[in-house]
6 protein chains.
Amino acid sequence: MSGTIYVINPNSTVRVTKEIDVAVTPLRMAGGPAIECLTLTEGPPGIQSQRDVDGLIPALLKRAAGLENEAAAFVIACFSDPGMHALREQSEKPVLGIAESGVLTALTLGQRFGIVAMLQNSIPRHLRYLGAMGMMDRFAGDLPVNLTIAEMADDALTLGRMIAVGRTLRDAHHADVLVMGCAGMARFREPLERELGIPIVEPTQAAVTMAIGRVQLGWGGRPLRGA
Amino acid sequence: MSGTIYVINPNSTVRVTKEIDVAVTPLRMAGGPAIECLTLTEGPPGIQSQRDVDGLIPALLKRAAGLENEAAAFVIACFSDPGMHALREQSEKPVLGIAESGVLTALTLGQRFGIVAMLQNSIPRHLRYLGAMGMMDRFAGDLPVNLTIAEMADDALTLGRMIAVGRTLRDAHHADVLVMGCAGMARFREPLERELGIPIVEPTQAAVTMAIGRVQLGWGGRPLRGA
Amino acid sequence: MSGTIYVINPNSTVRVTKEIDVAVTPLRMAGGPAIECLTLTEGPPGIQSQRDVDGLIPALLKRAAGLENEAAAFVIACFSDPGMHALREQSEKPVLGIAESGVLTALTLGQRFGIVAMLQNSIPRHLRYLGAMGMMDRFAGDLPVNLTIAEMADDALTLGRMIAVGRTLRDAHHADVLVMGCAGMARFREPLERELGIPIVEPTQAAVTMAIGRVQLGWGGRPLRGA
Amino acid sequence: MSGTIYVINPNSTVRVTKEIDVAVTPLRMAGGPAIECLTLTEGPPGIQSQRDVDGLIPALLKRAAGLENEAAAFVIACFSDPGMHALREQSEKPVLGIAESGVLTALTLGQRFGIVAMLQNSIPRHLRYLGAMGMMDRFAGDLPVNLTIAEMADDALTLGRMIAVGRTLRDAHHADVLVMGCAGMARFREPLERELGIPIVEPTQAAVTMAIGRVQLGWGGRPLRGA
Amino acid sequence: MSGTIYVINPNSTVRVTKEIDVAVTPLRMAGGPAIECLTLTEGPPGIQSQRDVDGLIPALLKRAAGLENEAAAFVIACFSDPGMHALREQSEKPVLGIAESGVLTALTLGQRFGIVAMLQNSIPRHLRYLGAMGMMDRFAGDLPVNLTIAEMADDALTLGRMIAVGRTLRDAHHADVLVMGCAGMARFREPLERELGIPIVEPTQAAVTMAIGRVQLGWGGRPLRGA
Amino acid sequence: MSGTIYVINPNSTVRVTKEIDVAVTPLRMAGGPAIECLTLTEGPPGIQSQRDVDGLIPALLKRAAGLENEAAAFVIACFSDPGMHALREQSEKPVLGIAESGVLTALTLGQRFGIVAMLQNSIPRHLRYLGAMGMMDRFAGDLPVNLTIAEMADDALTLGRMIAVGRTLRDAHHADVLVMGCAGMARFREPLERELGIPIVEPTQAAVTMAIGRVQLGWGGRPLRGA
């Protein structure tokens, strides 16, 4: 039950890691596990393609291997959950991905979920993942703001696009809950929810929440086995 | 962010509430929300039919209304999630049900989930609920131990049945993660997992975990609305 | 095979019961079962929330229990089918719900069905129910007229809204058959069908049709059992 | 509203038509539509392949065209519903198929339906049809008795096989309602239900029930159109 | 491995057969099977209804029977795949349908496929077929150009309509690959793809490709059986 | 249309590459594209985990980049289709994966497909992929022979296991077509089909077939774009 939850930002943009760190602050509780946010310096500045996703996995696994002893759990903080299943094989600790946890959490807040994505070309990748998760029956839509990680540093621009996309998901796609499809959108959760009037899930917060439970309860990454 | 997570056992069997209380103990963190387990004394001794489920909802809603001001969140601790959607309408606080949270959590631990149910006649009710949740693509099977809440007081009998049912779900239905389909099975999670070698989800623990996140993050039961 | 089909309007608005009574008149055949329409006086004036649905079930079950001996079958005439599964447990007679029968009947009249609902907040409840029924593969859309039971007394207003909603379902959601999502819309079936040119299902008529078959054929609410 | 419901047996085996005639007798009500059962003499003795299904459609359409003026509705009494969609195009009267009506009716009697089929090679054809109907989420299994129409004249043999198949569907496939997958099995509905203790749907009865409603209510085969 | 792939155009419009012949020319390889395109002279000029589909099957089967000895494989070149399953029963050679092959091939080129159909009334027939194929999870939309086979002789008119429909499928239905829903659209594949910037599948080419593999590999229409 | 189809075996076992080479020989046609089979020497000896799959992608992409100019198309010859979507981004040439092509081809040969897998722990990975492909409605089962790539060099052992697994898939899971879930099983296709009497798909042959069509038709890996 001791140990640290390592939240690994698999892109190399430290600004995003800092934003994640702020986002998970309310989940740092006295008596609960430590939560540390790390940047995968070997990762790309932003994760914008399947190549980016696949390419960073070896470095991610290596980084996690080095943390294995100290880790209570791992959270992979990129909405494509790169390397999540590989890390589940490698590590004896619980491993959560923010897309998986974010979407599952959304299902407790509405009947049809939408995703506010970064880029158009992420959508087919998301759809493949949602299909793998068996989530298509609850899926309303997935639309991009079409901003790069760099452009997302502009708050007004980004929030404006998110609101526009969110309105379309709510009104034309009938979503009644939204998931923010990027770890670097955390600071917009509250204004977006206030503007749209439907629940907004920040996926890293959703994943760290699940990780805390896993750690406190001693549910391992792998099941117990009889002697 | 202050307030108590009320875990309401909607059946009137105090033994079950006590077991739930033990189960959630690891989730009581010094800096986290208080967690209080209550018995719905107006509920039936065990919830064994759709009539039981539907019949207790008015009392459950009334009990929750009386707790609304002190509540940080509500968890309904019966695997049929009785009154969950009604309570979500009534309360301004987050409301989690253990079946919903348990199944969603299982999806992070395996690809095909099975359910160890109490009674044969619960199965169609579970299936309707899993269909409503859109979970059938990941569903492996749902099999009963066929014991009443009273009989489940016999540990050896109950664990034996759970192991037998779990083996069938694992070997014949190809489940690689199981959810215990009753709040009163919590004490068997660890021995069952050790025996079967696949992850076992205790659903009240799963729901309280989610509730803690909801409370710490200030995600309301209802979204914020613009002024 | 003798006995009466009781069509229970679970809301307390007698005007709606009278409309139902007119709607089922063509199904009263010499040689066929009697059909009696009743108002659940303990029900809410309109059923507009999950709380309304859940809250009326105890009264509905009690009313039905009092009619059990005389009943040939029961039809629950509210589009949320409140208490349908509970009444199937309680009664030895066939029990039909109008949403279930209405949607299933629509599947014989078109490939993608739409629903003309009363209120926006009914939609997630409908979706949960359609998921439980396994109907999402044939589902085109569900849109509200956003009128209360009281407002629906205004024929011109209601029909106008129904036509507008129906056009959207037909043209933007590609529905080729519609189900009217409220027992109190029966009088609009014919003008709506004439206006839209696609089949319109009145769900109470669909359910009573099924009930007649069940009664004439002696198919019980519960299967025969060997001695 | 006047006119006759024509129940067309598309195979040329008169014995089957006679059995259908007996089966629909309880649905002949003094004040309801006439019901006449016909044999498609041009059809094959039994419908045992996709070629049989496709090959009889021209003759079926021709026969129905000759009955169009007198018809109140048509029921196609073969579990492959041969020509159903073609006849819906050709006729202005309601057209029901027994597989479609039988399966939809089963959904009101249980959560997972099984089919007792005649022959092994019918199963893929049934599965394609169930997929087209969008019914796979509720499907438990489809198993054959492997008897020809001729062999099914032996009651003891046929019932024995049906009971064996039904037990497997109930116990190994978890079906809680069965549809008899052939119009010539009607006389076994009651003994099969008594033996298995779960509801059994006779599909011609299900389809004629729906046809009666359609006729009494004046719901045409095609929707009304505005002038 | 010797023999000819017979591509049968089941409509009687020779212009369409000629267009198919041009389309498959690149698939005629010196060392590969011969490919011959035939017109079913007994077929209707265009296949525009379920009656057209069902009605031509006997003639198609007869024609194929006459070719059985010389055939290496059969391709049915109509987007409703008329008689495909019946011909698979009749013939010992591989049988491919262009709708089936076209849709399956599209799944290798995009995540959500759209269909550019000829006529509005084909859509429900297509949907039934896609359901039978289990393809609805990847389906984006199916929209008609609403031109008859005769009108499609006008290139500018047809291409204009196809582009308009394709844009709607791409932009409003989120298709990222399109299948042309008619054998007579082959000449528009390249300009349509250039205009829309997403892959376009010509379904006869897709089916003949699969047939070539089947022939070269000696995979029969029916599996080998042990002696 | 010139160029070579490169079939890349992403494991480093040359024996498997040689077997693939034999398997694709019938698809080498005069007038058709050249087909060359390569071993990814940087790959693991066998691909037995998600880590193996993810870990080889960078090397695979690099190898393919070096072949880009000469390539007419790429086929990735491992049943997990490692790097398929990444290579589709990287290359301007068509990219096929053997799992995708194998499963899609199976859908033309039966209604419910089974997979004969190598190892138990591949199954959840396969299921995620089948979900991403939207194939679960046609899925019968996926069972392992539980042999390593090394053990599979023993023909008698391997074929015996494949037959046993295939029988279970056919008889207990109701599969009527099987896909061999490993590129190194090609030599068993014919004896397995003869033994089981249902079609067996060799997935590399299926993928190369599709690649040939893509090359001959000039359908690029990416759509044409307007000037």
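So you know, we letter chains A, B, ... as the sequences are listed, proteins then strands, and number each from 1. Just so it is clear, the model here is predicted, and its values are computed rather than measured.
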> Is the number of heavy atoms from other residues, nucleotides or ligands under 6.0 Å of C:Glu151 CD greater than 12?
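Atom CD in C:Glu151 is crowded, with more than 12 foreign heavy atoms closer than 6.0 Å.
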> Give a yes-or-no answer on whether the side chains of B:Arg125 and C:His85 include a donor-acceptor pair shorter than 3.5 Å.
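The criterion, which ignores hydrogens and geometry beyond distance, is not satisfied for C:His85 and B:Arg125.
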> Could you check if a side-chain atom of C:Arg51 sits within less than 4.5 angstrom of a side-chain atom of B:Gln90, using non-hydrogen atoms only?
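Yes, side chains in contact.
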> Decide if atom CD of C:Glu42 counts as having more than 12 heavy atoms of other residues, nucleotides or ligands within a radius under 6.0 Å.
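Counting neighbours around CD of C:Glu42, more than 12 heavy atoms of other residues, nucleotides or ligands fall under 6.0 Å, so yes.
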> What closest approach, in Å, do C:Asp54 and B:Ala86 show between heavy atoms, and which atom pair accounts for it?
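Minimum heavy-atom separation between C:Asp54 and B:Ala86: OD2-CB, 3.5 Å.
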> If only atom types and distance count, is the side chain of B:Glu89 paired as donor or acceptor with the main-chain N or O of C:Gln50 below 3.5 Å?
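At least one qualifying donor-acceptor pair exists.
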